[in-house]
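What follows is a single structure, written as structure tokens, with notes after it.
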Amino acid sequence: MQNDKVKLSTLSKMKRDDRPITMVTAYDTPTARIVDAAGIDTVLTGDSAANVVLGYPDTIPVTVDELLHHTRAVRRGLSRAMLIGDMPFMSYNISIERAIENAGRFMKEAGADAVKLEGGGCMADTVRAIVRAGIPIVGHLGLTPQTAGMLGGYKVQGQDAKTARQIYQDALGLQAAGAFMLVLECVPARLGTLISKKLDIPVIGIGAGNGTDGQVLVYHDLVGIQSGFTPKFVKRYAQAGEIMQKAVESYCKEVRERSFPGEEHSFKISDEELAALGKTINA
Ligand code: KIV
């Protein structure tokens with residue numbers, strides 16, 4: 001059972017059975033292999049690739065083509081987990097036709113099983129049209145990084161009754177429009193729990209407390225590769241960045257003192273062949 005491919009029905013059943021759903025980001029094949037082997041349920045090739053692995057300051061500049069490239073790489077490393085492609089800023093906001101076309105590219109050209117987009121009530125028609133085109137869709141509410149500027153920055157959302165109600169209504173609206181799952185980012189834990197209980201579809205939290213139907217973290221935060229600011233909702237399960245840096249330091253040291261490569265990493269030529277070579281190049 002554990003090895004069966006994760007489908008939409010698997011996730012709905014997990015919600016019904018109150019079994020938490022795991023999600024993590026991945027942007028390349030080796031990471032996809034690691035998280036798949038670890039038994040993750042869903043993998044998001046997030047637009048966070050922009051700042052996490054592409055060196056952009058935020059998620060705004062990343063393009064559909066760049067994210068397709070990363071989603072394809074992740075596809076090649078997964079065998080069990082569901083793959084969700086993330087629609088970047090302006091790939092679904094200009095017109096419904098463009099949104100369907102771009103969402104379709106994630107499935108046709110990158111092998112995604114579903115796509116995710118950010119936004120509340122104003123996205124309902126777009127979500128409905130994408131679902132009607134046969135593309136499973138995940139909503140994203142709360143702190144939506146693509147529009148963080150409009151929300152007053154990277155801040156907790158829904159801390160007063162009025163904004164909390166808006167998030168709740170948006171969640172209901174996305175569910176009614178056909179989204180099969182929802183990511184809820186950076187909202188009070190009690191709001192995360194309330195929305196998860198009220199919705200029939202699974203709600204995956206990031207900074208939304210322990211009462212959601214599942215959790216998502218950015219892989220580089222989880223394994224400790226990311227340096228710099230660590231949001232409150234991140235738990236680092238390893239310090240892989242330190243281990244990686246130490247490995248490269250050891251490599252540099254051994255190359256400089258000529259102890260790498262050793263004999264075990266080198267190829268052989270017989271004495272006779274080397275002598276024959278010597279004769280030809282010394283002649
Ligand atoms: O792009 C991303 O990584 C995300 C997750 C943080 C949910 O949207």
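One-based numbering along the sequence shown. Ligands are counted one by one from 1 in listed order, and the atoms in each one are counted from 1 as well.
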So does Glu118 get a backbone contact from the side chain of Tyr92, meaning a donor-acceptor N/O pair under 3.5 Å? yes
Please list, in number order, the atoms of ligand 1 under 4.0 Å from a heavy atom of His140. 8 (O)
Close-contact set for ligand 1 against Asp86 heavy atoms, below 4.0 Å: 1 (O), 8 (O)
Using modelled atom types and a 3.5 Å cut-off, is there a donor and acceptor pairing between side-chain atoms of Asp170 and backbone atoms of Ile167? no
Closer than 4.0 angstrom: is that true for some heavy atom of Glu118 and an atom of ligand 1? no
Evaluate the criterion side chain to side chain contact (heavy atoms under 4.5 Å, CB included) for residue pair Thr29 and Arg33; output intermediate values, then yes/no. CA-CA 6 Å; Thr29 309; Arg33 287 197 182 117; 3.6 Å; yes
Counting only heavy atoms not in Asp18, do more than 12 fall under 6.0 Å of its CG? no
Only heavy atoms count here, so choose which of Asn51, Ile206, Leu44 is nearest to atom 6 (C) of ligand 1. Ile206
Counting from 1, what ligand 1 atoms have a heavy atom of Thr25 closer than 4.0 Å? 3 (O)
Given Gln146, Met23, Lys116, His220, which one has a non-hydrogen atom that is nearest to atom 8 (O) of ligand 1? Lys116
For the salt bridge (Lys or Arg N to Asp or Glu O under 4.0 Å) test, which of Lys198, Lys15, Lys13 pairs with Asp213? Lys15
Side-chain donor/acceptor of Glu254 to backbone N/O of Cys252, under 3.5 Å: no
Distance-only, no hydrogens or angles: does the Ser259 side chain make a donor-acceptor pair with backbone N or O of Val255 under 3.5 Å? no
Backbone or side chain, does any N or O of Glu185 fall under 3.5 Å from an N or O of ligand 1? no
If you have a sec, work out which protein heavy atom is nearest atom 2 (C) of ligand 1 and how many Å separate them, to one decimal? Ser48 OG, 3.2 Å
Please list the nearest protein heavy atom to atom 1 (O) of ligand 1 with its residue and the distance rounded to 0.1 Å. Asp47 OD1, 2.9 Å
